[in-house]
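Each remark here refers to the structure printed beneath this line.
Letters A, B, ... mirror the listed sequences (proteins, then strands); counts begin at 1. Values in this document were obtained by computation on a predicted structure and should not be read as measured data.
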Number of protein chains: 2
Amino acid sequence: MVKRKWKEIFHNFDKRPTPSRCAILEVFEEEKSHLSAEEVHERLKQKRKKVGIATVYRNLDLLSRMGILRRVNFGDGREHYELVQTSETHHHHLVCVNCGKAIDYSELMDEEREFLNRLEKELEKKHGFQIQSHQVYFYGLCEKCQ
Amino acid sequence: MVKRKWKEIFHNFDKRPTPSRCAILEVFEEEKSHLSAEEVHERLKQKRKKVGIATVYRNLDLLSRMGILRRVNFGDGREHYELVQTSETHHHHLVCVNCGKAIDYSELMDEEREFLNRLEKELEKKHGFQIQSHQVYFYGLCEKCQ
DNA sequence: TTGAATGCAAATAATTTGCACGGAT
DNA sequence: ATCCGTGCAAATTATTTGCATTCAA
């Protein structure tokens, strides 16, 4: 069940929704969370899909460039990826500085969205940047580690 | 001119303000910007200070754990570091998705600070996290790449 | 049949580690 | 004398690349 929307995006990019690519997307749908390349590869193995690690890397990159996935970064020395949910205007991360656990936070306050939009406009004017997206990270101690 | 405050911190951590450590801090004072380990190493060479790359890595890590430096991350596959001082209250980054150029934005709007503090409180309550700091990244096209 | 996609192994790049030495306390 | 900090080189980890093969339009 690879979504029609995705098929369309593949078509727009002149890329094919190959078995490996679909399998990778399935993994993300099932996990509903951020994963590293190695983790994706692991999940695929568990599902008896044989996809080489190089292909995983190549496709995570492709899917990010196509805007289906988004790269996120928790400072643990490897890239993580997550599904871009179109419904979600933004996306925050809470990272535990002790155990490294990272949880996603995507509830949305109107006020918050409005504020960040305003801030983006301001920055565009001030720095000549054309801003496309943003990410917010909060660092601290999770419940267990306090 | 390694600041008294830093000496104190070294002392609190039972660590010594060695020549390499001071030289590294000097580099950051002069640059007033984020640097990768390799860049720090390069600057040290230019200043005729001979510090091995392993020592640079070890000390960037140490200085981060001591709270003098902060790790920042631009998704280019390597860690960057910056002085915590320069960005006390908060610190934003504008990253060009085309050329990778990353500029720092540390001007501060009262409104902005207040807003993020409020948001932190909210998240602490909702997720049981004890938040210590945050980082905000904006992604888009810089002036040249538009 | 032709270019796109993949697997595998080798190559790179960034960072970490083991170990012996030198210097400060 | 002891232990911290360091340099060097080797090891590890994450990611990328070259190339021959396979696959799909």
So, OP1 or OP2 of [N]: does either fall under 4.0 Å of a side-chain N or O from [X]?
| X | N | answer |
| --- | --- | --- |
| Thr18(B) | dA24(C) | no |
| Lys15(A) | dA5(C) | yes |
| Ser20(B) | dT6(D) | yes |

For residues [X] and [Y], establish whether the separation of their ring centroids is below 6.0 Å.
| X | Y | value |
| --- | --- | --- |
| His34(B) | Tyr81(B) | no |
| Phe138(A) | His93(A) | no |
| Tyr137(B) | His134(A) | no |

In whole angstrom, what separates [X]'s [atom1] from [N]'s [atom2]?
| X | N | atom1 | atom2 | result |
| --- | --- | --- | --- | --- |
| Arg78(B) | dT15(D) | CZ | P | 14 Å |
| Asp76(B) | dT16(D) | CG | C1' | 15 Å |
| Met66(A) | dA4(C) | CE | C1' | 14 Å |
| Arg71(A) | dT15(D) | CZ | C1' | 11 Å |
| His80(B) | dA13(C) | NE2 | P | 16 Å |
| Phe10(B) | dT25(C) | CZ | P | 14 Å |
| Glu79(B) | dA13(C) | CD | P | 18 Å |

Heavy-atom contacts under 4.0 Å between residues 35-65 of chain B and DNA chain C, which residues? Ala54(B), Tyr57(B), Arg58(B)

Report yes if some heavy atom in the side chain of Phe28(B) is under 4.5 Å from a heavy atom in the side chain of Leu35(B); otherwise report no. yes

How is Arg21(A) classified with respect to the nucleic acid when contacts are heavy atoms under 4.0 Å: base, sugar-phosphate, or nothing? sugar-phosphate

Any salt bridge linking Arg70(B) with Glu82(B)? Criterion: basic side-chain nitrogen under 4.0 Å from a carboxylate oxygen. yes

With a sphere of 6.0 Å drawn around NZ of Lys121(B), does it hold more than 12 non-hydrogen atoms of other residues, nucleotides or ligands? no

Donor-acceptor contact below 3.5 Å, side chain Glu39(B) vs main chain Ser36(B): yes

